[in-house]
Amino acid sequence: MPTKEKVLAMLAQITEVSQVKQDLDLQLYETGILDSLKTVELIVAFSEQLGIDISPAEFEREEWATPRAIVAALQRKVS
Amino acid sequence: MDILKQIDLWGQIAPDRPAHISEHGALTYGELCRQSDSLAGQLAQWLPDDGAPVIVLGHKQPEMLVAFLGCVKAAHPYIPLDTALPAQRIARISDTAGVRLVLTPEHIAEIVKLSRPAPTRRVTPLEPYYIIFTSGSTGEPKGVVITLACLTSFVDWMVNEQRFKEGEIFLNQAPFSFDLSVMDLYLALVTGGTLFSLTARQIASPKHLYQALATSGVTTWVSTPSFAQMCLVEKSFSAVMLPQVQRFLFCGETLPPEIAAQLLDRFPTAQVWNTYGPTEATVATTSIQIDRTILNRYSMLPVGHSKPDVQILILDQSGQTVKPSEQGEIVIVGPNVSPGYLKRPDLTQRVFFDYQGERAYHTGDIGYVQDDLLFFQGRADNQVKLHGYRIELGDIESHLCGLVQVRGAVVLPILKQDKVEALAAFVILNEEALNGSPDDSDFERSLALRNRLADHLPSYMLPRKFYFLTTFPLTINGKIDRRQLAETWL
């Protein structure tokens, strides 16, 4: 199970926005922190670093709307 | 080729064939021709025959195609605008162009019910056919005028070169406000093909995107390389998902060799083509098929050979032709070169000129010719390409400086492996304007500035990162030292 801290650290590293670690309800797409290409980068990073394969074809933007949602989505994926 | 006659011909011989499919519905050739005639008839009644442009504002609705053809069938050029643009930018474009009529899909659907007969006066070869607005360095978008003769020159060339079969399915990724879409739209319509449009909603949601692609039956893929790069992340994006694809046509930005290589691996029977050209020379001017031989020979992919009736000049700073294989500014001479910018003789005179009786355009792009092939190396100025969109950094800077909170601003590209990945803004804040909120963090300030900018600029022009400085480093000439900013922060 990936820890919340690890997922948030990766999210912060890829988006280059440290606030994603503090404000877990930050709207990632509305604020422009994530876009389609950044999402794809995250999918690749989660696969390479956490071994969690998310098929872009299954991906729903709503499930990744906030840092909290991403952590939950990844934890659901491995549980 | 007579583009409009050719499309009308499909309306007669294949009236039930779909001309356009998107999640908004389908439109047959019969409907497209009948409805565009009807719209043209009404426009001819409403508007004087003065060739004034009409804005067509929408997204990927079938009515957009009806409006494009309806306008030119009434001898009025159209300005395609996407609803994703902020209202202020639309208003500015409308003012600049002197537009008296804005058509939206809802209006168009109503107007075509009036069933007016088509007017006899249509757009003629030397008249403007469409006007595409691009980012301008002073913050004022500029309208590139493309005549029917320019468009015909481009379409004839691509049809001869690519030998499309009748009734192919063309992928439309780009919004209609971006001239890349002219490639898929008109190549589909003149060959009796079907334009398959992806909407912004589908592109934003990979799940919907791949579902749409898998059911599309696309035979000719037209997109930016960035879009294909994004699609390739999904492992099933291959000939299994899109078994009918015969060719990939890329335009709008540099094609990285690894993207071409991956596509050749995953789509063994498809061809991959790279093309190059500014909006001012009608979508694309050069092309080349990228095969294994080309991939093995060049680490940076060529943009290819020019269309047969075009002359490419490579000029040095004094305007002289460079020696073979030396780099210089790419100048395009030929029948696909625009007459100039709408109502901007000053800008037009700066970059357009007549050369041996033909229209010529200083692209501001740097390149060289080797092995008879053109290579594109980048820009001579502050224009960047981000995901295929052409952006003048000065456009963003002037809008930032227009905000009350901002005293000075510089925008620079963030590069990753020599490719523009995002934009960074360096901002000196106006301290008086900050009095109300001295406790805001830099992050909150970034979000606030981004939100203000979004009222003026399309989302692809919004900087991803903001750096707050108290002064800018200067060069010995007293200009802002952009290089030092980039080296220190990016």
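Quick note on labels: first sequence line is chain A, next is B, and so on, each numbered from 1. Nothing here was measured: the structure is a model prediction, and the numbers come from that model.
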Worksheet entry | Which atoms of A/Leu34 approach chain B - backbone, side chain, both or neither, heavy atom under 4.5 Å | neither
Fill in: Heavy-atom closest contact (B/Pro141 atom, B/Gly139 atom, distance)
CD-O, 3.6 Å
Worksheet item: At a heavy-atom separation under 4.5 Å, does B/Leu462 approach chain A through its side chain, its backbone, both, or neither?
Response: neither
Worksheet entry | For the student: nearest non-hydrogen atoms of A/Gln75 and A/Thr3, plus distance | NE2-C, 4.4 Å
Worksheet entry | Considering all heavy atoms, the nearest B/Ile203-B/Met230 contact | O-CE, 4.1 Å
Worksheet item: Hey, do the aromatic rings of B/Phe237 and B/Phe267 have their centres closer than 6.0 Å?
Response: yes
Worksheet item: Can you name the nearest heavy-atom pair linking B/Cys231 to B/Leu213, along with the distance?
Response: SG-CD1, 4.3 Å
Item to complete: For B/Ile259 and B/Pro225, work out which heavy atoms get closest and say how close.
Response: CG2-O, 4.5 Å
Between chain B and chain A, which donor-acceptor atom pairs come closer than 3.5 Å, counting both backbone and side-chain atoms?
| residue | atom | partner | partner atom | Å |
| --- | --- | --- | --- | --- |
| A/Glu16 | OE1 | B/Lys465 | NZ | 2.7 |
| A/Thr31 | O | B/Arg450 | NH1 | 3.2 |
| A/Asp35 | OD2 | B/Arg464 | NH2 | 2.9 |
| A/Ser55 | OG | B/Glu234 | OE1 | 2.7 |
| A/Ala57 | N | B/Glu234 | OE1 | 3.0 |
| A/Phe59 | O | B/Lys207 | N | 3.3 |
| A/Glu60 | OE2 | B/Lys207 | NZ | 2.9 |
| A/Arg61 | NE | B/Ala204 | O | 3.1 |
| A/Arg61 | NH2 | B/Ala204 | O | 3.3 |

Item to complete: Could you pull out all residues at least two apart from B/Ala409 that satisfy side-chain contact (heavy atoms from CB on, under 4.5 Å)?
Response: B/Leu400, B/Cys401, B/Val406
